[in-house]
*Asks:* 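Dumping the structure here so I can ask a few things about it.
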Amino acid sequence: MTEKILDVKDLKLYYKTLKGYVKAIDGINFDIKRGEILGIAGESGCGKSTLGNGLILLKKPLNYISGQANLNGKNIMNLKNKEMNTLRFKDISIIPQFAMDAFSPTKKIKTFISDIVSQHNINPDEKFFDKVRERLDMVNLNHSVLNNYSIELSGGMKQRLVMVISTLLDPELLICDEVTSALDVSSQRFVANMIGDFRDKKIIGSAIFITHDLSILYQIADRIMVMYAGHIAEIADSDTIVKNPKHPYTKALISSLPKNDVQYKDEQLSGIDGTPPNLLNIGEGCRFRFRCKYATDICAKQTPVQEEISSGHTLACWNYKKAGSDKNV
Amino acid sequence: MGKYLRKKLIIYLITFFFAVTLDWAIPRFMPGDPISMLLARFNGLENSSDIVRSTFTKSFGLDQPLITQYFGFWKSLFTGDLGISIYLYPKKVSEIISQALIYDILLLLPAILLSWIVGNKLGARSGVNKKVDNIMMPFFYVLTSSPYFWFAVLLVFFFGVKLQIFPVNGAYSNIMIPGFNIQFILDFLYHWVLPFLSLFMVMLGGWAIGMRNMIIYEMGSNYSKYMESLGSSEKLIRKYAFRNAILPQVTGLALQLGTIVAGAFTTEIVFSYPGIGYILLKALLNQDYFLIQGCFLFIVICVLVANFLVDIVYMLIDPRVRFSFSGEV
Amino acid sequence: MSETIMKIDHLQKDFSIGLMSKKKVHAVNDVSFDIKKGEIISLIGESGSGKTTIGKLILRLLRPSDGHIYYNDKDITTDYKNKRDYYKKVQGIFQDPFASFNPLFKIDRIFDMIFKNFIESDKNKKEKINDALKCVGMNPEFILRKYPHQLSGGQLQRLLIARALIMDVDVLVADELISMLDASTRIDVLNLLASICKEKGMAVLFVTHDLSLGYYISDTTLIMHRGNLVEKGKTSLIYNNPVHPYTQMLLKSIPDIGKRWDKNEKFLPEDINKKIDDFYKNSDIKKGFIEVEDDHKVLFSL
Amino acid sequence: MSFIDKLKKNDNLYFALRNKKVIIGAVIFLALLITALIGPIIAPYDYEEFAGAPYANPSFQHLMGTSIFGRDVFSQVLYGLRSTFVVGFVGGTLGTVIGLIIGFFAGYRSGSMLDEILMMMTNILLVIPTIALLIILSAYLPYRGVITQSMIIGFTSWPWVARAVRSQTLSLRNKEFVNLSRISGASTFKIIKDDIAYNMFSYVFMVYILQFAGAILTSVSLDFIGLGPTKGISLGLIMQDAVNWNAIQLGMWWWAILPGVVLTVLVTSLYFINTGLDEVFNPTLREM
C-alpha cells in the first residue's frame, strides 16, 4: 500500500458573504498518494481553485467549516497560521494562477528568493544558489534571471521561474493552479511536461494539477477528479475517466470535447444545456440534477454520497447505473 | 533612464517658460490697468522719479512694442533684476526674497521630510492593523482636513497663550541680532517649534492616509499572496508591501508641493515668521506688484527644482523607470 | 464554386513602440487571403501572432499601415468614411462575453442599437428579435430585461450571435469567441455558429489559439506566426500534412484526449525560432508563399 | 420582496448604507448643508451688525461669542458657511467638469496629437504651484466675489482630475463593449456618454467629493492670505479678521478657532464619505 500524502475527509469550505454562505467546497473526500499527480477538472466556479488555494492558504472571506485535510497524517485545517507557515513551501507548496504578477516589482529575483528561503531557516548562500541554478537549467532559463527584476522578464519566463521557486524546498505536495491556462499551446506542453519531470526526479512528492482543460490533464495526471458545483462527481485513473466515465456529468463533459478526428461537417458533438447552480445558500440534493437527463426524485432530496464502485473509481450519483447502460449520451 | 529625466526636464522648462510668460502677461492684460496703479503708487515716494523711470523702461518698457517688452523681461530676469519693492523701498526684490529664503528652508524642509517619514510609518501601521486603524484614521482625517493656519492658531492658543511655553511671534526675539552663535540658534529653535509643529502635524495626516490606502492595496496584491502561500512571515510581507507603497508616496510628494507651499504661507502669517509667505502678505497688503511677481517666480522655480529632485529620487528607487518600462510622465 | 466576398490583399499593420520612438513592430506583415461565401476559416496563432489585429483591421477598428481589404470588390481601406453600409454586412463577436456588454444597460440595448443604426424600419422589430433568440435557443421573455451580469458567458455569446443573425451579415469575425466559455457550453456555441453559417451562407473568420476547435469547425485554416501567414489551406490538408515547422510544432503540442504526448521527445518551445530560420535557409529553391499541393500554401522564406 | 431584499439587489447602495464612514460623513455633511441653507433664517443677527458687547464669551445669547467689534460670531459663521458651500459647489464642479472633458478626450484619442497637447498642458499646470497662480491672478483682480474666487479655483484645480479621468477612459476604451458599440454604428459622442462616462460615474463621484473638499481648503487659504472676496463674508475671512486683530493673544479663542472647527468638520465629513465609498465601490475593500 502506498502511503497517503494528503487525505481529505468531508471537507467544507464556505465563502462568507453578507447574503449568506457560498458553499464552494461542500463535503468532499479524496486522497493523494506519494508520487501521484492528481488532476482536478471542472468548470469555472466548481470550487477547484478554491480547494487548491484553501489547502495552503485559508484567507477571508473563505472559511473553514468542517471536515479534515490531513497532510502526512496531520489535519492542516486546524493549524494556527504560525504552525501552518512552517509547513508551507516545505511540505505543501503552490504554483499560483497569477504567475505573471507573483513578484514584487521592486526586488530582484535573487533577493526575493533569499528572503523567502530565509524565512524557513535556510541560509541562502552560494551553495544554495548552486541548487537554484541547477533548477533553472532544468526549465531552460538563463542564470542571469536571478539578477533581474520581474519587469525585465517575459510572461513565459516568469511562469518557469515561479515553477522553480515554488519547488525549491522540494515540497511533498505541489498545487498547480491553472498553470497552463494563460500560456500558448507550445508553452503549455513544456510546462505540463515539466511538472511530470519534477515528480519523476522526486523534486516534488506529488502534485495536484488544477485546470479546466481535461485534455491537458489526460496528458499528465495519473488520476483525475471531476468536480461539479462544490461536489466531487467522479474520481478515477485518467484512462478510466476519459474512456469509461460513469457519472452523467463526466460523460457529457468528455463527449463535448473536440477530438482530433472529428470535424463538424462529419459528426456533431454536443455540450450540456444549462448553467451550474448558484452556490449561495444552496440546499441538499445533487447539484447536477438541473442539467441531468437521468435525474429522479431522490436527486433533489438527498445529496449523493461518494461511493467506490471499483478499486480506485469513486463517484457520487444515485443513477449512474441507469446512465451507464445508456451508450447514447 | 536618461530618457525619463530628459522628458521631465523638457516639461519643467516649458512650465518655467509658461510661468514667466504668465508673470509677464498678467499685469499687462488684466482688467483694471494695474500698471497705471503702479505708477500712481510710486509718485508718493521721494527721489523716486529716476528709479521709476529706469525700472519701468527695463521691466515694462511701456513705450516699446510688446515683443521687445517680453524679451526685455526675460533679460532682466536672467540678470537677477526683479525690480524694486515699494513696501520696503528702495530694497531690491531679489534681495528681499533671498533674505526670506533661509527661513523658509529651515522651516519647510524639516517639516516636509519628517512629516513624510513619520506619516508613512504611522500610515503603514494603520493599514496593516485593523484596531490601530480604527483609532488612528479619524485622527489623520481631522489633521488633513484642517487648514494649516487654523491648526497653527490652535497651537498658538494652547502652547503660546494658555500654557505660555512657546513664543508665538517671529523667527527670533526682537532683542536678538541674527548671527551664527549658540544663543541665537537656541532662540531661533525656540521660535521654530510651533510653526514647525503645525506644518508637521497637518502634513502628517495626509501622508498617513495615502500610505494606509496604498499598503492595504499592496497587501492584497498577488505577490503578497504568493509570499504568504510560501510561508513568509507577516513582517516580511509588510516590508515588501511598504517598499512598493512608498513609490506613489514619493510621486505624491512632488504633486503636493504646491499645496504645502500655500499652507506654509498661511502658517508664516499666523506666526509673523519672516519667510516668503509673510513677505507676500505684506506685498499684497501694500499692492507691491514687483514683489508679488518676484515671489510668484521664486515659488515656481523652487517647486520646479524640488519636483526635479523628487524625480531623480524616484528614478533611483523604481526599477520600472530605470529600465524605462514605464512611459508615464 | 462559391464566390469570394472578401479579399485581404497584402495587409500590413505596424505599431510603433512609444509615441516618439521610431521602433516599429510588424503586427501583421504582408498577409493575403480570401473569404468565400458561407465558409468558415480558422485563423490560428499564439499570442502576438497578429491574429486579433487582423480581426480588428477587418472590423475597421484599426487602420492598416499598408495593403487593402476588398469587400465585394470595393476597397474599404480607401473608402474609410462610409462605415454604416459596411457594418451592416460585416460584424464581429469578441473574446470576453462579459466585457462585450456595457454592464449598466439591459441586454436589449445591443438590439436597439442595430435597429436604430442599421435597420430602416422598426417594423417587426420584436418579432425579428424573438425569432433570432429562438434560433440561438433562448427565451426572449426571460432574457431581454436582464442585465449582463445576470447571464452566463455562453448565453451572452449566443446573444451576440443572435445579433448577427438579425442583421443577416455576410462576414462575421469571431475573435476567440469561445475561449472564455466552459467546455460543456462552448461546443454548443460552435455548433450554433456553424449551422447558421451553412444555413444563411454567412462566412466566419474564426480567430483562435485552440487547434482542436479550429479543426472541428473550419473548412480552411490559416496559421499565423509573428505577423506572418506561414501556412494556409484546406483544414484536413494542413492538419494531416503540415509543412512549415511552426505548424508542425503547434500540432505536436495539442493535448489530445485519448492519445498521450511522447514523453521521451524533448520539447522546447524556444527551439522553434532556430528551426524556422533553418527552414527558411534550407529552402533555396522555393521562395515566398508557395503552393505545395492543391489548396495548400506554405511560406518558404520571408 | 421586502425592502431589504430590494436593497440587496443593488449592491452598491446596500453596501453604502452599511458603511459607517459613509453614514457618519453624509449625516454631518447634510446637517451642515441644511444649516447653511437656512442660515439667514436661523441667524440671530446680521453678519456685519453690532450685536452686543465685544469680547463676549460664548453664551446662550451668542453661541460662539462676539468679535472685537461686537459682532455675533455664530451669525458670521452661518453666513460664512454659505460662501464655503458655494465655493465647494462651484469650484469643485468646475474643476471636475473641466478635468472630465479634457481627460475624456485625451483618453479617447490617446496617442493622438490632441492627447499629446492636452496632456502637456495638464502636466504643466500640475507642476505649477496652484497657489502661486491663484495669488497672481487674485492680486490683479480689482474686485473679487465668492463666485470669482470659486471660478479661479475651479480653473486651476482640474489637472489631476484630467489625468485620473484619462487613465480611466483609456482602460474603458479598450473594453470590448466599446468596440461593439463602434461596430453597431454608434456615434463617438454616444460611446463617450453611454460606454465611458456612465461607467465612470462612481469614480467621478468620488473625484468630485475630493474636488469639493479641495476647493474649500484652497479658498480659506486664499481668504487668509488676504485674497478672499473683497465683499461679503466667509469662514476664511472671519479667521483672517480674528488673527489680524490678535484675537488669540487677547484670549478670544472662540473668534479664531470655532469657525475653523466648523470648516474642519465639514472637510472631514467629505473625506469620510470618500473613503467609505471607496470601500463600497471596491469589492476587495468591503468588510464582511
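Note that the coordinates shown come from a computational prediction; the quantities given were computed from them, not determined experimentally.
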*Asks:* Start with the C-alpha distance between A:K259 and A:E267, add both sets of side-chain angles, then the distance that settles salt bridge (charged side-chain N to carboxylate O under 4.0 Å, His left out), and finish with yes or no.
*Replies:* CA-CA 11 Å; A:K259 323 229 165 357; A:E267 182 190 340; over 6 Å; no
*Asks:* Among C:G137, C:S47, C:S179, who wins on heavy-atom pairs under 4.5 Å with chain A?
*Replies:* C:S47
*Asks:* Does any heavy atom of chain A fall under 4.5 Å from the side chain of C:S195, the backbone, both, or neither of them?
*Replies:* both
*Asks:* Look at A:I254, A:V242, A:N140 and state which one has the largest set of heavy-atom pairs under 4.5 Å with chain C.
*Replies:*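 So the answer, after comparing A:I254, A:V242, A:N140, is A:N140.
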*Asks:* For A:D222, is there any backbone N or O sitting under 3.5 Å from a side-chain donor or acceptor partner on A:D237?
*Replies:* no
*Asks:* If only atom types and distance count, is the side chain of A:N319 paired as donor or acceptor with the main-chain N or O of A:A295 below 3.5 Å?
*Replies:* no
*Asks:* So for A:D200, is it side chain, backbone, both, or neither that comes closer than 4.5 Å to the heavy atoms of chain C?
*Replies:* side chain
*Asks:* Name the member of C:K263, C:Q155, C:K259, C:K198 that forms the most heavy-atom pairs with chain A at distances under 4.5 Å.
*Replies:* C:K259
*Asks:* Report which part of A:T275 has an atom under 4.5 Å of a heavy atom belonging to chain C: side chain, backbone, both, or neither.
*Replies:*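 Only the side chain of A:T275 comes within 4.5 Å of chain C.
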*Asks:* Using non-hydrogen atoms and a 4.5 Å limit, figure out which bit of A:L269 sits close to chain C: side chain, backbone, both or neither.
*Replies:* both
*Asks:* Using heavy-atom distances under 4.5 Å, tell me whether A:L257 contacts chain C through its side chain, its backbone, both, or neither.
*Replies:*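 Only the side chain of A:L257 comes within 4.5 Å of chain C.
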*Asks:* Within 45 degrees of the axis of the six-membered ring of A:F190 and under 6.0 Å from its centre: does A:R160 put its NZ or CZ there?
*Replies:* yes
*Asks:* Under the side chain to side chain contact (heavy atoms under 4.5 Å, CB included) test against A:V162, which residue among A:T167, A:V179, A:I95 passes?
*Replies:*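 Exactly one pass, corresponding to A:I95.
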*Asks:* Using a 3.5 Å distance criterion without hydrogens, assess whether the side chain of A:K23 forms a donor-acceptor pair with backbone atoms of A:G230.
*Replies:* no
*Asks:* Heavy-atom cut-off 4.5 Å, strictly under: side chain, backbone, both or neither for C:L211 against chain A?
*Replies:*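 C:L211 touches chain A through side-chain heavy atoms alone.
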*Asks:* Under a 4.5 Å cutoff for heavy-atom pairs, which residue among A:L183, A:D239, A:D213 has the most contacts with chain C?
*Replies:* A:D239
*Asks:* Taking A:R135 for its side chain and A:V164 for its backbone only, find out whether a donor-acceptor pair lies under 3.5 Å.
*Replies:*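 No: the side chain of A:R135 does not pair with the backbone of A:V164.
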